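As the structure is a prediction and not an experimental result, all values here were calculated from the model. Numbering starts at 1 and runs along the sequence shown.
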Amino acid sequence: MKNQEQAESWDEIKELWNNSAKGDEINFQFSTLISELKSKMSEFETNSIKSDITQIKSSWNQYKEKVSPFEKKSIASDLKMITEFIKKILQKMKLK
């Protein structure tokens, strides 16, 4: 249930972002930054990052099985608060 709520919240944020007057400008800036970053990375760095991400995912899968219901509830609450904050920012951007 919470996963669906989070997915709906993120979909709403994406919609606000895409409909924002500055959405295209922000998307362009992100795309430019990502391209610039990729062009400056060596193959070693790229492989290292991929390896790190694999390790993080593996560790997360092991960790999340050990997370208490209290911690899960706290994390969900934090995500909800962050999501609402991002929505407010995007709505203000839409108004400008």
Side-chain angles (χ1 to χ4, degrees):
M1 182 68 165
K2 289 186 182 190
N3 287 338
Q4 181 160 351
E5 289 175 15
Q6 288 176 352
E8 289 172 0
S9 294
W10 282 111
D11 287 342
E12 191 173 333
I13 288 171
K14 287 179 200 174
E15 184 179 332
L16 287 169
W17 180 290
N18 290 331
N19 292 331
S20 168
K22 299 213 178 216
D24 289 337
E25 180 183 338
I26 292 168
N27 286 336
F28 177 76
Q29 289 174 352
F30 276 130
S31 297
T32 303
L33 288 171
I34 291 169
S35 296
E36 185 177 328
L37 178 63
K38 284 181 178 179
S39 71
K40 294 183 179 190
M41 288 175 44
S42 69
E43 186 175 343
F44 172 78
E45 290 170 316
T46 303
N47 292 338
S48 178
I49 290 169
K50 287 178 183 177
S51 173
D52 290 347
I53 289 172
T54 301
Q55 278 187 311
I56 290 168
K57 285 181 179 180
S58 174
S59 296
W60 172 248
N61 287 334
Q62 292 171 1
Y63 172 76
K64 72 180 181 181
E65 294 172 3
K66 298 177 184 176
V67 176
S68 72
F70 173 79
E71 290 171 309
K72 288 179 181 178
K73 191 173 183 179
S74 178
I75 292 168
S77 174
D78 291 347
L79 285 173
K80 183 178 178 182
M81 186 172 47
I82 291 167
T83 302
E84 289 173 1
F85 179 71
I86 292 171
K87 283 181 187 179
K88 287 179 185 178
I89 291 172
L90 292 174
Q91 285 174 341
K92 287 185 180 186
M93 288 174 59
K94 187 176 180 180
L95 295 175
K96 290 183 179 183

Under 3.5 Å, sequence neighbours excluded: what are the donor-acceptor pairs made by side chains of residues 80-88?
residue, atom, partner, partner atom, Å
T83, OG1, L79, O, 2.7
K87, NZ, E12, OE1, 3.4

If you take all heavy atoms of E45 and K40, which pair is closest and at what distance?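 The answer is OE1-O, 3.8 Å.
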Can you list the steps and then say if Q55 with D52 is a side chain to side chain contact (heavy atoms under 4.5 Å, CB included)? CA-CA 5 Å; Q55 278 187 311; D52 290 347; 4.1 Å; yes
List for me each residue that meets side chain to side chain donor-acceptor pair (under 3.5 Å) alongside S77, sequence neighbours excluded, and say none if there are none.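 Residues passing side chain to side chain donor-acceptor pair (under 3.5 Å) with S77: none at all.
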Just how far is it from atom OG1 of T54 to atom NZ of K50, taken to the nearest 0.5 Å?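 Spacing of OG1 (T54) from NZ (K50) equals 9.5 Å.
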Among the clusters formed by ILVMFWY side chains lying less than 4.5 Å apart, do I34 and M41 turn up in the same one?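 Looking at the clustering, M41 is in a separate group from I34.
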Answer yes or no: is there a donor N or O on one side and an acceptor on the other, between the side chain of S48 and the main chain of F44, under 3.5 Å?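 Judged by distance alone, no pair lies under 3.5 Å.
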